[in-house]
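Below: one structure, written as structure tokens.
Values below: all heavy atoms of this structure, side chains included; hydrogens, waters and symmetry mates excluded.
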Amino acid sequence: MQRDTFVVRRSFLQWLHKRSNPGLIVNLCFIVVLVFSTLLTWREVVVLEEAYISSQRNHLETVASSLDRQLQYSVDKMLLFRQSMHDALQTPLAFNVLHDAVSRFNALRMRPTWQLVVDKNRTLPINGVSDAFVEKTSLLNRDAERISNEISAALEVGYLLRLATSSRHSESRVIYVSRAGFYLSTDTLSEATNIIPRYYHLVTQSWFTQQSERNNRSRAVRWFISTPSSWTGDERTITASVPIYFNRYWYGVVAMDFSLNTMQRLLAEATDDRTEGEYQLYDSRLNMIASTEKTDKQVNHFDEREIAQIAQAIEHDTGGGIRLGSRFISWQRLDHFDGLVLRVHTLQEGVQGDFGSISIVLALLWALFTAMLLISWLVIRRMVSNMYTLQHSLKWQAWHDPLTRLNNRGALFERAKLLAEKCHQQSLPFSVIQLDLDHFKSVNDRFGHQAGDKMLSHSAGLIASALRKNDVAGRVGGEEFCIVLPGLGLEEARGVAERIRCRINSKEILVKKSTTLRISASLGVSSAQESQNYDFEQLQSVADARLYKAKQEGRNRVVWHDHDKK
């Protein structure tokens, strides 16, 4: 049992030694270190990118909040006008001047156009159209029971609107448009000219028609991009509007116009000194309204595919970011404007900023570490290769005879015992040949040890050339050799021995200049089949006895049986 365990352990160690490759282990260690260093560097880049994105979001939120505050002032002022109109409709003032104005309206209402002026320095004039004009469309309605209070309330709100024009304001125009056929506007001229086309233009705008009960049930502030007109200087304007309701009746709309230049100025004021990246203001349909860039060439434009990607990204979130090629886009919706602010940060700006500088430093550190690792790998691999070669050389020297290059006595006995055990387990034949060169001592005496060494080396080569791949040969003494033949019986082993004897005897060796020598060998053969004994030392002893018998019988022969047979 102990012997079986020893054999299994030895076999496993030999298998492990064959499979172990120091060069491969060094390569694997280098790859593992390189992968981990790359992953750590990549992790730092990811953390840095997240911090950069968070910084971009914080900057954008600050800009959006600042812009919201500026727009909130105008929106709150518009809501104040709506509340003032509501209060005036609920509780009309009992002023004679207001009653006179209502009386004058009743006298003027049939005219194609009319204007009510109470005090040019205190309130805005009311400009209106005839009853016949109002009756032409279902959107308009001049209700007899409500018109008097509405005219009076409009004059009161006109006073507030007049005050709004006397201070610095962001909006370019504030206007109240009634469904009853009149309007008040902060840019109205004192002369009653172009009232019909202007009123028609106002009541056909989206910011007016989309404030009905069906289109704006929440009665919230709505934002629109108005079409150019002669009253806006033939340029587009951004209009905020809110409906006027009282006792569930829609009276009209209060609206504020903002020019694109005003929105550009508000965006620039909101960005302040944040010059890194471009800030853009868009409406809810992703139409660009303003940009912090001065010229159109500097503005970052998006194609239809990119616009679709941005629209998909902002659909379900009030803020976020998206990468489009080499540009990083972050956005933030506004609370007091039906749109959003975008910040466009290009790769070039990122490289020039802090994020780019740190990324470049990380890349250089990774490259430097990788270069040092590669140099270390080359040095260590060379050292391991030299040590591996030295190890093989020492191992070979420990297991082989340096003169004949065959196995030495220790290696031969160890390998022979393993082969004998294997053949025994598999019930295979196992044979041993013992060989001794004839008259070797006389050759050393006559021609010297150098000639003897030539004879030994030459004979070893002839022996090795006559063997199979699995056969084992070794030098076990001065001029004595042993050959192990696993899988061969006694008769087959005798044939091998005879072939070796013939090869040795047929060759002449040049021992000195112009001096050749023919040598011979005597061989003894034994086999485990003879007595079913697989003990190698016993078989080697039997073969050695038959070898001496061959010597006694005249040398240069093979003895393979206890009886004389050649």
Side-chain angles (χ1 to χ4, degrees), residues 75-95 98-99 101-106 108-109 113-116 118 123-162 164 173-186 188 195-196 198-224 239-257:
V75 171
D76 289 345
K77 188 163 58 174
M78 184 173 62
L79 295 177
L80 174 64
F81 295 151
R82 179 173 71 171
Q83 185 62 39
S84 300
M85 188 72 181
H86 182 275
D87 293 342
L89 289 171
Q90 185 177 18
T91 310
L93 294 177
F95 289 162
L98 296 180
H99 288 293
V102 172
S103 300
R104 276 187 288 154
F105 160 73
N106 290 326
L108 299 173
R109 61 187 298 172
T113 61
W114 49 269
Q115 187 177 68
L116 285 178
V118 175
T123 186
L124 295 175
I126 297 179
N127 300 278
V129 295
S130 64
D131 290 353
F133 184 93
V134 174
E135 292 171 358
K136 290 181 181 179
T137 174
S138 60
L139 181 65
L140 305 179
N141 182 30
R142 183 170 284 176
D143 188 272
E145 296 180 359
R146 297 183 175 93
I147 187 63
S148 297
N149 285 345
E150 185 180 4
I151 290 290
S152 176
L155 288 172
E156 291 185 42
V157 173
Y159 173 74
L160 296 177
L161 295 180
R162 185 65 178 231
R173 179 182 63 168
V174 183
I175 189 171
Y176 170 68
V177 182
S178 172
R179 293 175 61 224
F182 65 87
Y183 67 91
L184 297 90
S185 177
T186 55
T188 300
I195 293 178
I196 292 178
R198 187 168 189 185
Y199 181 74
Y200 177 80
H201 173 78
L202 294 174
V203 297
T204 55
Q205 292 297 301
S206 298
W207 55 261
F208 183 87
T209 59
Q210 295 298 316
Q211 294 291 2
S212 64
E213 179 70 20
R214 183 180 64 180
N215 294 321
N216 189 5
R217 295 183 181 275
S218 63
R219 301 173 185 176
V221 177
R222 303 284 294 273
W223 292 83
F224 301 88
T239 302
S241 63
V242 64
I244 302 294
Y245 279 87
F246 181 69
N247 290 336
R248 297 183 180 181
Y249 179 77
W250 178 29
Y251 280 86
V253 174
V254 176
M256 285 184 172
D257 286 342

Next on the checklist: Run Q211 and N215 through side chain to side chain donor-acceptor pair (under 3.5 Å) and show every step you take.
Outcome noted: CA-CA 6 Å; Q211 294 291 2; N215 294 321; over 6 Å; no

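When side chains are defined from C-beta on, T137 does not count as touching Y200, because their heavy atoms never get closer than 4.5 Å. The side-chain heavy atoms of R104 and W114, taken from C-beta on, include no pair separated by under 4.5 Å. For the pair Y249 and N141, the minimum side-chain heavy-atom distance is below 4.5 Å. Side-chain contact check for V75 versus W223: some heavy-atom pair is nearer than 4.5 Å. Between E213 and R219, the closest side-chain pair of non-hydrogen atoms falls below 4.5 Å. Residues E156 and S84 have side chains not in contact (no heavy-atom distance under 4.5 Å, counting atoms from C-beta outward). Taking 4.5 Å as the limit, every side-chain heavy atom of I195 sits out of range of all side-chain heavy atoms of F133. Using a 4.5 Å heavy-atom cutoff, the side chains of I244 and V254 are in contact.
From I151, atom CD1 reaches atom CD1 of I126 across 4.5 Å, with rounding to the nearest 0.5 Å. A distance of 7.0 Å separates NE2 in H99 from OG in S152, rounded to the nearest 0.5 Å. From Y251, atom OH reaches atom CZ of R82 across 15.0 Å, with rounding to the nearest 0.5 Å.
With hydrogens and angles ignored, the 3.5 Å screen pairs a side-chain donor or acceptor of T204 with a backbone N or O of H201. Judged by distance alone, the side chain of T186 and the main-chain N or O of V174 form a donor-acceptor pair under 3.5 Å.
Between Q210 and N216 the shortest heavy-atom distance is O-CB, 3.7 Å.
Tested against F208 for a ring pair (Phe, Tyr, Trp, His ring centres under 6.0 Å), the candidates Y176, Y199, W250 yield a single pass: W250.
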